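Contents: one structure, followed by commentary.
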Protein chains: 2
Amino acid sequence: MIRRTRQREAILAALRATDSHPTADWIYDQIRRVMPTISLGTVYRNLRFLCECGKAQEIDMTGAHTRFDGNPENHYHFRCDNCGRVFDVGGVVDKELDERVARETGFQISHHRLEFRGLCRGCQRAGNPEGRA
Amino acid sequence: MIRRTRQREAILAALRATDSHPTADWIYDQIRRVMPTISLGTVYRNLRFLCECGKAQEIDMTGAHTRFDGNPENHYHFRCDNCGRVFDVGGVVDKELDERVARETGFQISHHRLEFRGLCRGCQRAGNPEGRA
DNA sequence: TTAGGTGCAAAACCTTTGCCATCCC
DNA sequence: GGGATGGCAAAGGTTTTGCACCTAA
């Protein structure tokens, strides 16, 4: 049964109170000011928990390892949530999107990276959407 | 002066010979079969080198740390190449893109993540596009 | 009462780095 | 020859985990 603890509440509150997309370490520092004995392990455990139950999300599209692509041209990728494999997605990179968002935001945009997530053809057939190969 | 070495050639060849978006470790294993004394450090050094001179690219949009977002709704981000800060980008997530790519590829797509890169407003003014705060 | 959660510290993990030997130009 | 690279191993930094204690329900 899921229990609400002071630590978990504090972590979610810290996350909700900022738009700085903080790291685990930043949250740890924030909370330690008012709860000096909290541990970094608890922060990591709860961040993972909050992501799993849909109350937060990780931003970096990080797998366990860095992956490299011998094709240096910008192109889009698809990553299978089940087996972790990464595939190229054909089609044209939308350069106008960069220009539009640059106008809207004032950021100087050099490019964008786009990653689709879901199940690859093989894992759809295998039909174990929960596991991870 | 840049020198061509057997190791560097082998790493680029391995990268070009696959579309599996390999990890450094995978490349290391491949090359060790024909060049048993190559070291993992060399693989990392050369992968970084190849990315820097535009012959390969890293796929994961990984910063040094994982960043978390208290907003669990899918939305787009902008990451400043200079200061590393991450900003939300407003606007609507293009759900039709998922459907279109799903039709084209046969993948089952649940969502996509999109990250713009460039210089934020503050770093444009500061005018040091090379450094990193 | 008791299963879930915490704190602490060690482990695990990937990646980088220092140093000296080696190799390419 | 001499500087760029490689091999090796140790260091570095982040994240995870084992375990004993604690605590919310």
Side-chain angles (χ1 to χ4, degrees), chain A residues 1-15 20-53 55-69 79 84-86 132-133, chain B residues 1-15 20-53 55-69 79 84-86 132-133:
Chain A
M1 199 228 158
I2 285 153
R3 189 177 295 180
R4 44 166 48 210
T5 64
R6 293 184 314 122
Q7 291 86 343
R8 183 168 294 166
E9 307 265 292
I11 289 164
L12 184 55
L15 208 47
S20 71
H21 307 84
T23 62
D25 199 59
W26 186 92
I27 293 173
Y28 175 57
D29 283 341
Q30 290 295 112
I31 296 178
R32 224 169 10 155
R33 296 177 185 178
V34 293
M35 197 185 289
T37 63
I38 195 171
S39 75
L40 188 54
T42 295
V43 173
Y44 274 107
R45 268 189 295 245
N46 278 296
L47 284 172
R48 186 150 54 130
F49 172 83
L50 291 170
C51 289
E52 278 170 4
C53 67
K55 291 182 177 164
Q57 62 174 324
E58 290 190 16
I59 287 185
D60 290 312
M61 303 181 196
T62 314
H65 310 64
T66 304
R67 284 168 173 275
F68 296 88
D69 192 332
R79 185 189 300 264
R85 271 182 294 184
V86 175
R132 188 183 177 95
Chain B
M1 199 225 159
I2 286 153
R3 189 175 293 180
R4 44 168 47 211
T5 63
R6 294 186 313 124
Q7 291 87 344
R8 185 168 292 165
E9 306 266 292
I11 289 164
L12 183 55
L15 207 47
S20 71
H21 305 86
T23 62
D25 199 58
W26 186 92
I27 293 172
Y28 174 56
D29 282 341
Q30 290 294 112
I31 295 178
R32 226 171 5 158
R33 296 179 186 177
V34 292
M35 198 185 289
T37 63
I38 195 171
S39 76
L40 188 54
T42 295
V43 173
Y44 275 107
R45 266 190 295 243
N46 278 295
L47 285 172
R48 187 149 53 128
F49 171 84
L50 291 170
C51 290
E52 278 169 5
C53 65
K55 292 184 177 162
Q57 62 174 322
E58 290 190 18
I59 288 185
D60 290 313
M61 305 180 196
T62 314
H65 311 62
T66 304
R67 285 168 172 273
F68 296 88
D69 191 331
R79 187 189 300 262
R85 271 183 295 185
V86 175
R132 187 182 179 96

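Note that these values count all heavy atoms, side chains included, but never hydrogens, waters or copies made by symmetry. None of these values were measured; they are calculated from a predicted model.
- Within the cation-pi definition used here (under 6.0 Å to the ring centroid, within 45° of the axis), Arg32(B) qualifies as a partner of Tyr28(B).
- Put simply, CD1 on Ile27(B) is 11 Å from P on dT15(C), counting in whole angstrom units.
- Residue-level contact check: Arg45(B) touches the bases, meaning some heavy atom is under 4.0 Å from a base atom.
- For Tyr44(B), the side-chain atoms get nearest to dT16(C) when compared with the rest of dT16(C), dT6(C), dG6(D).
- Between Val43(A) and Ala24(A), the shortest heavy-atom contact is CG1-O, 3.6 Å.
- Nearest nucleotide to the side chain of Arg48(A), out of dG6(D), dT16(D), dG7(C): dT16(D).
- Cation-pi check for Arg48(B) over Tyr44(B) is not met; the charged atom does not lie both under 6.0 angstrom from the ring centroid and within 45 degrees of its normal.
- With distances taken from any side-chain atom of Met1(B) to the nucleotides dG7(C), dC25(C), dG6(D), the minimum falls on dC25(C).
- In this entry the distance linking OH of Tyr28(B) with C1' of dT16(C) reads 15 Å, nearest Å.
- Across the protein-nucleic acid pair, Gln7(A) atom CD and dA24(D) atom P stand 9 Å apart, rounded to whole Å.
- As a whole-Å value, the separation of Leu40(B) CG from dC13(C) C1' is 12 Å.
- The residue among Arg8(B) and Pro36(B) whose nearest nucleotide of DNA chain D is located toward the 5' end is Arg8(B).
- Out of dG6(D), dG5(C), dG7(C), the shortest distance to the side chain of Ile2(A) is found at dG5(C).
- Atom CZ of Arg3(A) and atom P of dA25(D) are 7 Å apart (whole Å).
- Of the candidate nucleotides dG6(D), dG7(D), dC25(C), dC25(C) has the atom lying nearest to any side-chain atom of Arg4(B).
- Under the 4.5 Å side-chain criterion, counting only non-hydrogen atoms from C-beta, Ile2(A) is in contact with Arg8(A).
- In this structure, Leu40(B) CG and Arg45(B) CZ are separated by 10.0 Å, a value rounded to the nearest 0.5 Å.
- Atom pair Asp25(A):CG and dG12(D):P shows a separation of 17 Å (rounding to whole Å applied).
- In this entry the distance linking CD1 of Ile31(B) with P of dG6(D) reads 11 Å, nearest Å.
- Here Thr42(A) reaches the OP1 or OP2 of dG7(C): one of its side-chain N or O atoms lies under 4.0 Å away.
- Distance from the side chain of Thr5(A) is smallest for dG5(C) among the nucleotides dG5(C), dC25(C), dT17(D).
- Atom CE in Met35(B) sits about 13 Å away from atom P in dC8(D), given to the nearest Å.
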